[in-house]
There are 2 protein chains.
Amino acid sequence: MKNGEVTIEGHTLGECTKSILPVRDALEVLSGKWKLPIIISLMFGNKRFSQIAREVPGITDKMLSKELRDLECNELVKRTVFDSIPVVVEYSLTEYGHSLKVVIEVLREWGSKHRERMMVEA
Amino acid sequence: MKNGEVTIEGHTLGECTKSILPVRDALEVLSGKWKLPIIISLMFGNKRFSQIAREVPGITDKMLSKELRDLECNELVKRTVFDSIPVVVEYSLTEYGHSLKVVIEVLREWGSKHRERMMVEA
DNA sequence: TGTTTAACTATCCTTTTGTATAGTACTTAC
DNA sequence: GTAAGTACTATACAAAAGGATAGTTAAACA
């Protein structure tokens, strides 16, 4: 086996399998129903907790707080606490978070076409 | 309210919320750990059940058969049975399935960079 | 004859995800 | 004083996703 070969459980992977891996990595960070919607909401500007909750249709407080924590861990979202009275917490996208813009645009375009397609069929 | 306004539960949606909807539509079809990996595998050519199972790392037969059915429902994948002896079943991407190529490419690129980033940090 | 391959399905179980509901501590508006 | 808003956390629960293991039918291979 040459140096630099990608392996899993001891055997060399095929081209196809290898090209799946990075997509899987992306999927892991963006998985679930809410992460991309939250990120999209923050692309429109910095927001406070309840503002995001209002803009992402159907999300509950619990999910929002959990997903924001996940996104913070992955350095896609930044949480800033202003120690005014009362305390104000603001969420914003990091630069890294903004790098998802292309991904979101492509998904939005595909999603639009998909929705149209469904309409026509129904 | 003007004609053509998008609403949910009776009130007009903001720009941000509206731009979330198509992404949510896309996410619904592509949700889960396995759908994109399976589609990627089929982008490399038509395949039989066990071939896909071998190329998508970690998938079980159960998951594969379920996900293939889902993808067939959404017209992304076509299932062809050749009534040879023994029966041979071949899976292929439909033209619509191929329209996901851009999505996958963008995700792969982002995923690669993400993986690199993780490496450097660790 | 026993094993292997192909293409699944079935069953059981665990984990993850998501929902519903309530509660807290503080502040401003009425 | 009461209600409402802000930014959450806590608890309990239901549903969906995923995993482990085994079984089926039928042919081919050794």
Side-chain angles (χ1 to χ4, degrees), chain A residues 8-9 11 20-21 23-39 41-42 45-74 77-92, chain B residues 8-9 11 14 20 23-39 41-42 45-74 77-92:
Chain A
I8 226 174
E9 281 153 31
H11 50 78
I20 287 173
L21 297 177
V23 175
R24 223 172 46 168
D25 290 336
L27 249 37
E28 217 165 291
V29 192
L30 307 174
S31 69
K33 206 172 165 182
W34 305 114
K35 293 199 189 76
L36 283 175
I38 291 169
I39 289 168
S41 145
L42 290 175
N46 302 356
K47 300 263 167 71
R48 304 186 28 200
F49 189 89
S50 49
Q51 237 176 321
I52 305 173
R54 262 179 265 118
E55 292 184 350
V56 176
I59 199 167
T60 59
D61 283 4
K62 187 196 160 184
M63 274 296 123
L64 181 52
S65 112
K66 193 212 144 213
E67 299 291 68
L68 281 171
R69 250 177 288 139
D70 282 7
L71 292 170
E72 221 194 317
C73 276
N74 283 304
V77 163
K78 196 178 150 215
R79 182 179 190 268
T80 314
V81 180
F82 296 99
D83 60 347
S84 53
I85 294 180
V87 175
V88 166
V89 184
E90 194 184 72
Y91 294 91
S92 53
Chain B
I8 227 174
E9 282 154 30
H11 49 77
I20 288 173
V23 176
R24 223 173 45 169
D25 290 336
L27 249 37
E28 219 164 290
V29 193
L30 307 175
S31 68
K33 205 171 162 182
W34 304 113
K35 294 201 187 73
L36 284 175
I38 291 168
I39 290 168
S41 146
L42 290 174
N46 302 355
K47 301 264 167 72
R48 296 169 53 185
F49 189 90
S50 47
Q51 238 176 319
I52 306 173
R54 262 180 266 119
E55 291 183 352
V56 176
I59 199 167
T60 59
D61 283 4
K62 183 197 162 184
M63 274 296 122
L64 181 52
S65 112
K66 194 214 143 212
E67 299 290 70
L68 281 171
R69 251 178 288 139
D70 282 6
L71 292 169
E72 221 192 319
C73 276
N74 284 305
V77 163
K78 197 180 148 212
R79 181 180 191 267
T80 314
V81 180
F82 296 100
D83 60 349
S84 51
I85 292 179
V87 176
V88 166
V89 184
E90 193 184 74
Y91 295 91
S92 53

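Every chain is numbered from 1, with letters handed out A, B, ... down the list of sequences. These figures come from a predicted structure and were not determined experimentally. Computed from heavy atoms alone, side chains included, the values below leave out hydrogens, waters and symmetry copies.
Heavy-atom minimum distance, A:Ile59 versus A:Ala53: CG2-O, 3.9 Å. Of all the heavy atoms in A:Val56 and A:Ser41, the pair that sits closest is CG2-CB, 4.2 Å. The minimum heavy-atom distance between B:Gly32 and A:Leu27, with the atom names listed, is O-CD2, 4.3 Å. Across all non-hydrogen atoms, the minimal contact from B:Pro57 to A:Leu21 is CG-CD2, 4.4 Å.
Protein chain B contacts DNA chain C over a range whose 5' and 3' limits, counting nucleotides with an atom under 4.0 angstrom from a non-hydrogen atom, are C:dA6 to C:dC12.
Side-chain N/O atoms of A:Arg48 include one lying less than 4.0 angstrom from OP1 or OP2 on D:dA7. Note on A:Tyr91: every side-chain N or O is 4.0 Å or more away from OP1 and OP2 of D:dT6. The side chain of A:Ser50 contributes an N or O atom lying less than 4.0 Å from OP1 or OP2 of D:dT6. Close to D:dA7, at under 4.0 Å from its OP1 or OP2, lies no side-chain N or O of A:Arg54.
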Next item on the list: For each nucleotide in nucleotides 14-30 of chain D, reading 5' to 3', give B when a protein heavy atom comes within less than 4.0 Å of its base, S when such contact involves only the sugar-phosphate, and - otherwise.
Entry: ----BBB------S---
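Residues passing the side-chain hydrogen bond (donor to acceptor under 3.5 Å, both in side chains) test with A:Glu90 are A:Asn46, sequence neighbours excluded. For B:Asp25, the side-chain hydrogen bond (donor to acceptor under 3.5 Å, both in side chains) partners at least two apart in sequence or on another chain are A:Arg115. Under the rule for a side chain to side chain contact (heavy atoms under 4.5 Å, CB included), the partners of A:Ser31 that lie at least two apart in sequence or sit in another chain are A:Lys35. Scored by the side chain to side chain contact (heavy atoms under 4.5 Å, CB included) test, B:Glu28 finds no partners at all (sequence neighbours excluded).
Listed by first then second residue, pairs satisfying side chain to side chain donor-acceptor pair (under 3.5 Å) with a partner in residues 48-63 of chain B read B:Lys47-B:Glu55, not counting sequence neighbours.
Rounded to an integer number of Å, the gap from CD1 of A:Ile52 to C1' of D:dT6 is 13 Å. Between A:Leu64 atom CG and D:dA7 atom C1' the separation is 10 Å, expressed in whole Å.
Each end of the helix from C:dT1-D:dA30 to C:dC30-D:dG1 gets its own axis from five base pairs, and the two axes differ in direction by 10°, given to 10 degrees.
With values rounded to the nearest 0.5 angstrom, A:Met63 atom CE is found 5.5 Å from A:Lys66 atom NZ. Here the CD1 atom belonging to B:Ile38 is positioned 7.0 Å from the CD1 atom belonging to B:Ile52, to the nearest 0.5 angstrom.
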